[in-house]
2 protein chains.
Amino acid sequence: MTIADVAERAGVSTATVSRALTGSRPVAAETVRKVQRAAAELGYSVNSIGRALRSNRTDTIGMVVPSISNPFFTSLVENVEHALGGSGKQLFLCDARSDPAVEAERLRSLVARNVDGIIVSPTHGVDSAPAVLEAARAVPLVQLDRYVDGTSTDWVGVDDIAAMRLVLDHVHAAGARSAAFVGSLLTNSSTERRLAGFQQQAEALRMTVRDDWLLLGEYSIAWGEQALERLAGRERLPDAIVCADDLIALGVTRACRARAIKVPDDVQVTGYDNIEFARLGEPPLTTVDQPGKKIASEAVRLLAAASGTEAAEASAHIALIPKLVVRHSTRELPDRH
Amino acid sequence: MTIADVAERAGVSTATVSRALTGSRPVAAETVRKVQRAAAELGYSVNSIGRALRSNRTDTIGMVVPSISNPFFTSLVENVEHALGGSGKQLFLCDARSDPAVEAERLRSLVARNVDGIIVSPTHGVDSAPAVLEAARAVPLVQLDRYVDGTSTDWVGVDDIAAMRLVLDHVHAAGARSAAFVGSLLTNSSTERRLAGFQQQAEALRMTVRDDWLLLGEYSIAWGEQALERLAGRERLPDAIVCADDLIALGVTRACRARAIKVPDDVQVTGYDNIEFARLGEPPLTTVDQPGKKIASEAVRLLAAASGTEAAEASAHIALIPKLVVRHSTRELPDRH
DNA sequence: ATGAAAGCGCTAACAA
DNA sequence: TTGTTAGCGCTTTCAT
């Protein structure tokens with residue numbers, strides 16, 4: 001079932017069929033009708049491989065995320081899909097399994113498949129860099145949320161430093177004078193900048209931060225639970241535990257419950273990302289809301305812009321300002337201390 | 001950067017380059033080395049569009065799920081990726097947004113892209129059927145978890161009836177003599193069969209099931225919350241609330257907490273799927289564990305089998321027996337009643 | 001407005 | 001073992 005079959009049935013040339021079906025050039029209305037009828041009768045549908053080979057476009061955007069099981073990334077994916085909307089482009093989604101090697105393979109594969117553009121949230125700040133930069137050389141590429149060191153590609157995300165300022169101001173206002181930070185190993189830009197923001201603002205507010213209150217593991221519930229065990233094993237708990245994402249925070253609050261540590265009375269806990277499950281914790285998490293819709297639409301816009309002009313114009317770094325969502329894992333009102 | 005460039009540099013023909021790089025036919029070791037060096041020096045990488053057009057294989061499997069934000073499906077995706085493992089095949093993931101129209105478009109697009117096979121969990125038992133069957137006519141296709149009416153394609157999932165028997169036996173043993181069911185509208189096979197299993201076993205155990213205790217909405221936390229509001233508004237609560245998935249169950253237990261209804265003392269609650277967040281609820285959910293790894297590997301196996309033989313052999317329906325994971329949203333021991 | 005024909009990058013017959 | 005060549009399905013000049 002090829003364009004040639006349709007051409008024969010409609011009594012025209014293959015070129016005319018192509019033009020009639022894609023509307024790339026003017027074709028007589030009468031001819032268009034004939035062609036469409038023939039195509040319908042034959043149940044013809046275009047072979048996008050043939051089209052891609054010839055036109056060098058695939059109408060496909062590749063997207064690579066560190067982990068599809070992290071709800072923050074799935075919501076990012078949904079937002080990107082939505083932003084792509086009626087553009088006629090499809091999303092080719094890849095999971096890097098938090099492994100730069102897998103990620104590199106995925107990126108190479110996307111390039112080999114001639115995707116029209118790539119949206120990537122790199123797994124690792126350093127180890128992901130070579131593959132990301134190589135891919136960026138081949139096709140328009142936008143980094144999302146996270147980015148690799150020494151990059152000059154487009155990037156869209158939130159201002160982590162500003163976010164941490166919001167978080168610390170909030171727990172400080174509620175009486176916290178000491179704080180711990182639970183994040184992932186410093187291997188990606190998110191944690192790095194969140195930790196930097198944490199330390200910066202903690203200092204500005206003269207809050208106590210002990211070295212052994214900086215716990216770095218991974219973005220998971222299990223690590224949050226472990227981290228709390230470590231903190232609880234020490235002589236005293238900090239007034240607040242600031243987590244680098246909601247999964248960690250959910251683990252922390254869960255472990256608190258298991259140990260009968262009261263949140264927020266004994267210790268305040270904050271998350272980051274505002275995933276759907278954040279309000280489900282006990283207590284519901286105070287967290288940083290990332291403007292996922294806006295991030296996605298900006299990314300798609302940048303990609304479209306990059307595909308349009310051949311000349312690589314100045315690339316953009318867009319940092320959006322997040323907002324704090326206050327729930328019940330932090331105290332509402334100031335407290336004597 | 002094409003195969004011709006490499007051929008020129010290595011001083012051989014394009015055919016030899018192809019053979020040397022893919023290993024499809026024997027090539028002298030010396031020649032292979034020459035070709036590989038030339039390819040490396042030029043930074044050549046295969047253009048998979050060209051390869052696909054010629055060989056009619058894309059080394060790509062398409063997967064369509066109802067909703068990527070449902071953790072059950074993301075874990076299914078992860079399992080499939082893992083099962084695909086070193087096979088050299090990539091997964092092209094699509095989200096149907098729980099909309100048969102979107103789903104149909106995705107399926108058509110996958111077929112147009114010549115994927116080697118499709119794994120789909122259909123959104124709707126009836127409305128998804130035409131598109132699924134059409135896709136199945138074009139390429140090997142396996143249905144996962146859910147299936148469409150009147151289908152004769154391969155299918156892998158769990159035995160929902162057996163699962164419901166486990167659930168009801170368990171809550172009954174703990175003293176429940178009446179039960180409600182909260183599911184989604186009866187538009188897909190999962191809910192349909194889970195409800196059927198529920199009713200069947202409730203009758204066998206002579207448990208009370210009122211008509212207005214059958215609540216059908218959607219697979220979401222929000223619907224679980226709503227459903228509990230409706231149940232709580234009635235004169236009395238059932239002894240047990242059986243939910244068609246964990247999201248719903250998490251919503252139900254959350255609403256219970258809000259209303260100070262004690263789980264499991266006032267009412268027992270069960271989920272289905274055993275998503276990671278199930279243990280995070282308050283209390284942690286008793287739920288049905290789906291053998292996701294096994295489901296995925298069977299699906300991949302069926303797909304490979306279907307691709308191998310041209311002759312469509314008898315298709316398989318594989319129903320795995322799930323197991324019950326008992327946590328704290330149900331009572332451990334029998335109770336006076 | 002339409003047709004003829006070239007060619008995108010690759011692989012697989014067929015020859016040598 | 002290697003080379004020559006045809007052609008996968010499509011779009012796009014270049015003619016007409």
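Note: hydrogens, waters and symmetry copies are ignored here, and every other heavy atom, side chains too, is used. Computed from a predicted model, the values in this text were never measured in an experiment. A note on names: the letters A, B, ... follow the listed sequences, proteins ahead of strands, and every chain is numbered from 1.
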Candidate pair B/S67 and B/S98, rule side chain to side chain donor-acceptor pair (under 3.5 Å), full reasoning: CA-CA 6 Å; B/S67 165; B/S98 299; 5.1 Å; no

Reading DNA chain D in the 5' to 3' direction, which nucleotide is the first one with an atom under 4.0 Å from a heavy atom of chain B, and which is the last? D/dT1 to D/dG9

Here the residues of residues 26-38 of chain B within 4.0 Å heavy-atom distance, strictly under, of DNA chain C are none

Have a look at the helix from C/dA1-D/dT16 to C/dA16-D/dT1 and give the angle its two end axes make, five pairs each, rounded to 10 degrees. 40°

About how many Å separate NZ of A/K294 and CD of A/E298, when rounded to the nearest 0.5 Å? 4.5 Å

Keeping the roles fixed (side chain from B/S75, backbone from B/F72), state whether a donor-acceptor pair exists under 3.5 Å. yes

Where along nucleotides 8-16 of chain C does protein come under 4.0 Å, by heavy atom, of base (B) or sugar-phosphate alone (S), with - for untouched nucleotides? BBBBBB---

Is B/E81 salt-bridged to A/R106, going by a charged N under 4.0 Å from an acidic O? yes

Which distance, rounded to the nearest 0.5 Å, do you find between the CG of A/N79 and the CD1 of A/I295? 8.5 Å

With B/A38, which residues qualify under side-chain contact (heavy atoms from CB on, under 4.5 Å), at least two apart? B/V6, B/R9, B/A10

For B/T58, what residues pass the side-chain hydrogen bond (donor to acceptor under 3.5 Å, both in side chains) criterion, not counting sequence neighbours? B/D116

Within the structure, does a side-chain N or O atom of A/T16 lie under 4.0 Å from either OP1 or OP2 of C/dG3? yes

